[in-house]
Amino acid sequence: MYLIKSINELAPKIWQIWVNAPHVAFHAKAGQFVILRINEFGERIPLTISAIEGDDIRCIFMAVGKTTSALAAHRSGDYIRDVAGPLGKPSEIKKYGTCVVIGGGAGIACCPIIARSLKADGNVVKGIIGARNAELLILEDEMRDSCDELFITTDDGSKGVHGFVSDILKTEIQKGSIDAVWIIGPAIMMKVTSEVTRPVKIRTFVSLNPIMVDGTGMCGSCRVKIGDQIQFACVDGPEFDAHKVDFDLLMKRQRAYLQEEKLALEYHNKEQCKCGGPNNE
Amino acid sequence: MNDRPVNERLKDFKEVDSGLTSDEAVLEALRCIQCKKPLCIGGCPVGIDIPGFIKLISEREFEKALEVIYNDNLLPAICGRVCPQENQCEGVCILSNKEKGVAIGSLERFVADRALVQKSNRKCSVNPTNKQIAIVGSGPAGLTGAAELAKKGHSVTIFESLHEAGGVLVYGIPEFRLPKWIVKREIEQILSLGVSLKINHLVGKSVSPEELLQFDAVLIATGAGLPHFMGLPGEHLSGVYSANEFLTRVNLMHANDFPKYDTPVKQGSRTVVIGGGNVAMDAARVARRMGAKVTLIYRRRRDDLPARNAEVIRAEEEGVSFVFCSNPIKVLGDEAVTGVECLQMALCEPDESGRPGTEPVPGTNFVIDCDICIQAIGQDPNPLLLQSMPSLKSGKKGTIAVDINGKTSIPHIFAAGDITTGAATVILAMGSAKTAADEIHKMISI
């Protein structure tokens with residue numbers, strides 16, 4: 001059992017949770033993730049490790065499905081049944097020169113830890129974070145502290161530049177030399193944004209989030225196509241060379257359980273009414 | 001075998017074989033002629049005193065019979081069910097020349113189940129040695145190694161990456177062949193020897209190689225959990241599973257009980273399973289229980305199926321239809337799988353395994369419609385640990401190289417089970433773990 005040290009809503013439906021998990025915290029590096037299971041009926045869901053402090057790790061998630069909604073209903077002092085990790089390969093942190101770390105929506109969660117690690121290795125780090133609107137933008141202060149320069153975009157112009165992260169990336173590439181780029185967010189955002197760096201051949205990493213079960217390379221649920229090879233995001237990734245990723249295939253596989261996810265959420269909402277609260281398990 | 005009727009067992013995941021009653025067990029035990037030179041012991045990879053425990057059963061001394069088994073095997077309720085006895089102890093039983101060999105597996109299971117129901121725990125009575133042993137993985141090999149070393153008084157810690165101990169016994173083998181309460185109870189017995197279990201710990205990630213090397217000895221028993229894919233076009237489609245994923249979703253995550261349990265699995269009306277081993281049979285029979293019409297495709301003939309004959313027969317009884325001498329070449333569909341295109345295969349010269357090789361016959365293409373496609377074509381050792389310990393010498397096909405005693409290239413590190421051999425049986429893994437545990441004990445007792 002793993003103690004929830006704190007939990008709070010950063011933006012509508014975007015939650016931050018700190019969990020006591022010494023075996024993870026002690027070994028975790030930027031780019032890795034955990035598999036978390038709330039209770040004995042729970043599914044195993046992957047969440048990126050967004051920060052580490054002592055024996056605790058932070059994850060940030062959107063409460064959209066059954067498990068994430070149930071997780072968001074927890075309070076500090078509650079326990080989670082299972083936290084396995086750190087899983088996956090860490091980000092390839094080394095000295096590149098100038099790096100850009102880009103986050104979209106809840107994907108911003110993964111950015112500060114990568115930005116800080118890159119900076120610690122002597123890189124100049126520029127951050128670009130974007131959201132649909134100002135209200136949904138998370139971790140602005142943390143990113144400002146972690147980067148040498150930070151740009152903000154919103155789809156509706158309610159904060160920062162009115163537009164997309166890819167627009168800023170284009171301008172930054174024109175302005176000067178960039179040696180490596182990280183793009184983390186929804187699959188479609190990663191697909192579109194990584195097209196900006198392809199023609200100019202800048203090393204670009206994306207963090208993939210396919211459906212996983214065990215998270216240790218045993219089931220192949222998270223298989224993705226990288227170049228002409230099938231790889232498992234849980235052990236070969238989750239970060240891959242953006243220009244080799246078959247994003248369309250990733251998005252297809254992410255959609256595989258839409259119906260079941262809807263069913264699970266309906267069942268969850270019904271059960272929630274019956275028992276008076278999601279914590280009465 | 002006391003199999004439940006087919007129409008009944010297809011409705012649930014409860015055990016197919018309901019086991020022997022005590023009278024049946026005694027009668028079966030009386031069939032044993034107590035050979036002077038028993039072949040059965042030599043046929044058992046862990047060398048159980050088989051005539052010894054059978055004699056005690058015939059005398060209704062069931063507890064004493066179990067003690068005899070426990071000397072060599074701490075997982076008898078599991079082995080009684082999943083060992084391929086027909087190729088081992090029962091296969092060499094002298095009675096099998098004339099009639100049927102003694103049902104050794106059923107007898108082993110009978111005495112083991114009795115004790116599990118009574119929930120009697122075993123205690124370790126030897127003095128602690130203060131030697132620290134790490135076991136990596138809690139499948140059959142890891143559990144056996146843990147038990148053997150704990151019995152000698154060593155302080156044993158098992159690291160398991162999943163949220164439950166048991167390895168393939170919990171994620172791979174279905175409930176109807178190996179009930180999970182049995183696995184749980186046998187594991188509890190081993191933990192009651194003073195073994196500590198750390199779940200959610202993936203060695204190489206949650207435990208670093210340096211931390212591992214601080215133990216007096218390490219036994220790596222990480223199994224063969226890396227699924228093969230055939231590399232067919234369309235393999236990415238929704239509804240295409242590795243057998244490992246399909247079975248893990250159902251066995252470990254209880255997807256058959258979705259949405260009470262959160263993990264879903266696609267509900268197919270027509271399922272195709274590719275492969276001919278025990279894992280393929282398990283997947284096919286799970287799919288039948290989930291209500292699908294199931295076709296199993298195998299590239300050779302029925303006689304060549306590597307699965308246990310008893311399980312093939314049960315699969316047939318349960319309505320799995322078999323397509324032999326065929327192999328898929330393409331998974332059809334747009335977003336989700338709609339069918340599998342196959343070619344007929346011609347048999348040719350035997351390959352290195354002694355089985356006939358196969359060659360596709362051009363122009364014999366045919367399509368089997370399906371909405372689930374499960375590939376059960378074998379597993380390789382999980383490469384994670386070797387990746388995190390590059391100085392560990394590897395063997396063939398991703399295995400860890402060991403000598404006959406389970407020693408690896410790094411002093412104090414041993415390995416046993418499928419990680420050293422590639423996918424094999426539960427009992428072979430246990431046998432090699434026992435050997436490695438003996439060697440570890442010798443080494444640290446000096």
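Keep in mind it's a predicted model, so treat the numbers as computed, not measured. Naming: A, B, ... by sequence-line order, numbering from 1 per chain. Keep in mind that the numbers below use all heavy atoms, side chains included, and drop hydrogens, waters and symmetry copies.
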Enquirer: What are the residues of residues 232-244 of chain B, in order of number, with any heavy atom under 4.5 angstrom from a heavy atom of chain A?
Expert: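 Result: B:E235, B:H236, B:L237, B:S238, B:V240, B:Y241, B:S242, B:N244.
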Enquirer: Which bit of B:K198 comes within less than 4.5 Å of chain A, counting heavy atoms only: side chain, backbone, both or neither?
Expert: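 Neither; nothing under 4.5 Å.
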Enquirer: When you check the side-chain N and O atoms of A:E40 and B:H254, is any donor under 3.5 Å from an acceptor?
Expert: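 Distance-only check fails for A:E40 and B:H254.
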Enquirer: With only heavy atoms counted, which part of B:Q379 is less than 4.5 Å from chain A, the side chain, the backbone, both or neither?
Expert: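 Contact with chain A involves no heavy atom of B:Q379 at all.
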Enquirer: In terms of relative ring orientation, are A:F232 and B:F229 parallel, tilted or perpendicular, with 30° and 60° separating the classes?
Expert: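 Geometry flag for B:F229 against A:F232: perpendicular rings.
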Enquirer: Determine yes or no for a side-chain-to-main-chain donor-acceptor pair under 3.5 angstrom, with A:D82 supplying the side chain and B:I199 the backbone.
Expert: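 Pair absent, no side-chain N/O of A:D82 close to backbone of B:I199.
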Enquirer: Is any side-chain heavy atom of A:M212 less than 4.5 Å from a side-chain heavy atom of B:E245?
Expert: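 No; the side chains remain at least 4.5 Å from each other.
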Enquirer: Measure distances from B:L226 to the heavy atoms of chain A and classify the residue's part below 4.5 Å as side chain, backbone, both or neither.
Expert: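 Contact with chain A: backbone and side chain both.
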Enquirer: Side chains of A:V83 and B:N200, heavy atoms from C-beta outward: is any pair under 4.5 Å?
Expert: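 When only atoms from C-beta onward are counted, B:N200 and A:V83 do not touch, as no gap falls below 4.5 Å.
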Enquirer: Heavy-atom distance under 4.5 Å to chain B: side chain of A:T216, backbone, both or neither?
Expert: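 Both parts, backbone and side chain.
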Enquirer: At a heavy-atom separation under 4.5 Å, does B:T248 approach chain A through its side chain, its backbone, both, or neither?
Expert: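 B:T248 touches chain A through side-chain heavy atoms alone.
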Enquirer: Chain B heavy atoms under 4.5 Å from A:R255: which part of the residue, side chain, backbone, both or neither?
Expert: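 Just the side chain, heavy atoms under 4.5 Å.
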Enquirer: Can you find a pair of side-chain heavy atoms, one from B:D257 and one from A:F41, that are under 4.5 Å apart?
Expert: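 When only atoms from C-beta onward are counted, A:F41 and B:D257 do not touch, as no gap falls below 4.5 Å.
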Enquirer: Examine B:K260 relative to A:Y267 and say whether NZ or CZ is less than 6.0 Å from the centre of the six-membered ring and inside a 45° cone about the ring axis.
Expert: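 No; the conditions do not both hold, so B:K260 does not lie above the ring face of A:Y267.
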Enquirer: Please enumerate all residues that pass salt bridge (charged side-chain N to carboxylate O under 4.0 Å, His left out) together with A:E266, with sequence neighbours excluded.
Expert: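 Here no residue qualifies.
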Enquirer: Which answer fits B:L162, side chain, backbone, both or neither, if we ask what part of it has an atom under 4.5 Å from a heavy atom of chain A?
Expert: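 Both parts, backbone and side chain.
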Enquirer: Residues in salt bridge (charged side-chain N to carboxylate O under 4.0 Å, His left out) with B:D334, at least two apart?
Expert: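 Residues passing salt bridge (charged side-chain N to carboxylate O under 4.0 Å, His left out) with B:D334: A:K252.
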Enquirer: Under 4.5 Å, heavy atom to heavy atom: which of residues 46-64 of chain A reach chain B? Give them by number, or say none.
Expert: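 Counting heavy atoms that sit under 4.5 Å from chain B, no residue of residues 46-64 of chain A is involved.
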